[in-house]
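Below is one structure, written out as structure tokens; comments come after it.
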Amino acid sequence: MIRNGDIIARITGLSQSWIGLVLLATATSLPELFTGISAVTAADAPNIAVGDALGSCVFNLLMLVLLDELTRDEPMYRRIDQGHILTAGFGVILIGSVGAFLLLGQNSVSFQLLHVSGYTPFIIVIYFVAMRAIFVYEHRAKPPDALKAETNVTLRVAAVRYAGAAGVIVVAGAWLPFVGQELAEVTGWKATFVGTLLIAGATSVPELVVTVSALRLGAVDMAIGNLLGSNLFDILILAADDIAYTKGPLLGAVSSAHAITAFAAVIMSGIFIVAMLYRPETRVRGVISWVSLALFLVYLFSSYAIYLHGQ
């Protein structure tokens, strides 16, 4: 998938960041989409659906730690494109909004059209505004003609190969909610915790594989674009889940503890933005950067909080 994404980028003149943000992020987030739809319809497990989407956002940001550790030759935050700040900023807006909507929904401060929350159109609109803004930024920063390169593979062939790889990724998504429910019943763990940690971890495996593969090919901007773009798409998935959940507004039917995960993802996105602007060079005792350490600690704290307060 990474090689085909790189070929599409070179043929079309689109940047690696844009290909990672749109094509790779969409494909690697398909398990979250199918898991969420299955959870709110067939499995009637809304907490698993919301936990999966928000937990995947945290997992994606945690993968920045892995990328940072694998780029020992040069500090990662000094070699990636500044345009990722824009994507991370929109991630803060969307994920932070969902956290606020979760808290408002618990207090009945909500409005809806039929069974769909009034917040869902807001999420959809902001997502497409983000895509448009990032696309315009990419074209301003890097004119398409400057990015084109020769390749022996046609756009059609690369697109077909990409679609085939995306299809392979989807296979496991539909049955994961049932596994999560059964695991919660057997272990006594709460559905909020299972969805946020275990199901989100399982559906984030494609992001992990694609990210490491991109790094090995030297396409670090594609790897970062995939992770941050997946976060935006995961929030769009919540809008789709809300539409599919016919019992009422989705965010009003789940545990308010999911807001912990949302705000953890916001904090982690903020840490990434700071790192992009500050561009740190040193590592703590030469082992791990302070950015990676901060991201990891936020992840651990949010996971423990979800374990204590989830439903």
Side-chain angles (χ1 to χ4, degrees), residues 25-26 29-58 89-133 173-174 176-178 180-181 184 190-196 199-200 203 229-266 269 302 305-306 309-311:
T26 300
S29 294
L30 289 177
E32 284 91 341
L33 174 61
F34 281 82
T35 297
I37 297 297
S38 178
V40 298
T41 54
D44 191 23
N47 273 305
I48 287 181
V50 175
D52 178 36
L54 293 177
S56 293
C57 291
V58 175
F90 275 110
V92 169
I93 294 171
L94 279 171
I95 302 171
S97 296
V98 168
F101 297 157
L102 275 163
L103 297 179
L104 291 173
Q106 302 300 314
N107 295 317
S108 299
V109 184
S110 180
F111 58 97
Q112 64 188 79
L113 179 62
L114 299 178
H115 68 279
V116 179
S117 169
Y119 303 132
T120 289
F122 171 82
I123 291 173
I124 296 173
V125 169
I126 295 300
Y127 175 82
F128 285 105
V129 167
M131 293 298 101
R132 173 63 179 170
L176 278 175
F178 299 97
Q181 274 192 318
K190 299 168 184 177
T192 304
F193 176 77
V194 171
T196 302
I199 302 301
T203 56
S230 292
N231 279 6
L232 299 183
F233 194 79
D234 285 341
I235 300 304
L236 184 65
I237 287 172
L238 284 178
D241 292 344
D242 186 37
I243 295 172
Y245 187 66
T246 58
K247 294 184 178 181
L250 176 64
L251 297 183
V254 297
S255 170
S256 60
H258 289 297
I260 297 173
T261 309
F263 295 138
V266 168
S269 297
S302 65
I306 282 291
H309 301 292
Q311 291 181 357

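Below, each value reflects all heavy atoms present in this structure, side chains not excepted, and no hydrogens, waters or symmetry copies. Since this is a predicted model, take the numbers as computed values, not measurements.
Under the side-chain contact (heavy atoms from CB on, under 4.5 Å) test applied with Ser230, the options Ser56, Ser29, Cys57 reduce to a single match, Ser29.
Residues Ala239 and Ile124 approach most closely at CB-CG1, 3.9 Å, considering heavy atoms. Here the shortest heavy-atom pairing between Ala244 and Thr41 reads O-CG2, 3.8 Å. Minimum heavy-atom separation, Val40 to Ala49: CG1-CB, 3.6 Å. Between Ala240 and Leu33 the shortest heavy-atom distance is CB-CD1, 4.3 Å. Between Ser255 and Leu102, the shortest heavy-atom distance links the atoms O-CD2, 4.2 Å. For the pair Leu250 and Pro46, the tightest heavy-atom approach, listed with the atom from each and the gap, is CD1-CB, 3.6 Å.
In this structure, Leu54 CG and Ile235 CD1 are separated by 5.0 Å, a value rounded to the nearest 0.5 Å. Atom CD1 of residue Ile237 and atom CG of residue Leu30 lie 7.5 Å apart, to the nearest 0.5 angstrom. Summarising the geometry, atom CG belonging to Leu232 is positioned 11.0 Å from atom CD1 belonging to Ile126; distances are rounded to the nearest 0.5 Å. To the nearest 0.5 Å, the span separating CD on Glu32 from CG on Leu238 amounts to 10.5 Å. Between Thr35 atom OG1 and Ile48 atom CD1 the span is 9.5 Å, to the nearest 0.5 Å. Atom CD1 of Ile93 and atom CZ of Phe122 lie 7.5 Å apart (nearest 0.5 Å).
Aromatic ring orientation, Phe101 versus Tyr119: parallel (interplanar angle below 30°, classes split at 30° and 60°).
Looking only at distances, no side-chain donor or acceptor of His115 sits under 3.5 Å from a matching main-chain atom of Pro249. Looking only at distances, no side-chain donor or acceptor of Asp242 sits under 3.5 Å from a matching main-chain atom of Thr120.
In this structure the side chain of Leu236 reaches within 4.5 angstrom of the side chain of Phe233, judged on heavy atoms. Side-chain contact between His258 and Val98 is absent, with no heavy atoms from C-beta onward closer than 4.5 Å. Looking at heavy atoms from C-beta onward, Asp241 lies out of side-chain contact with Val50 at the 4.5 angstrom threshold.
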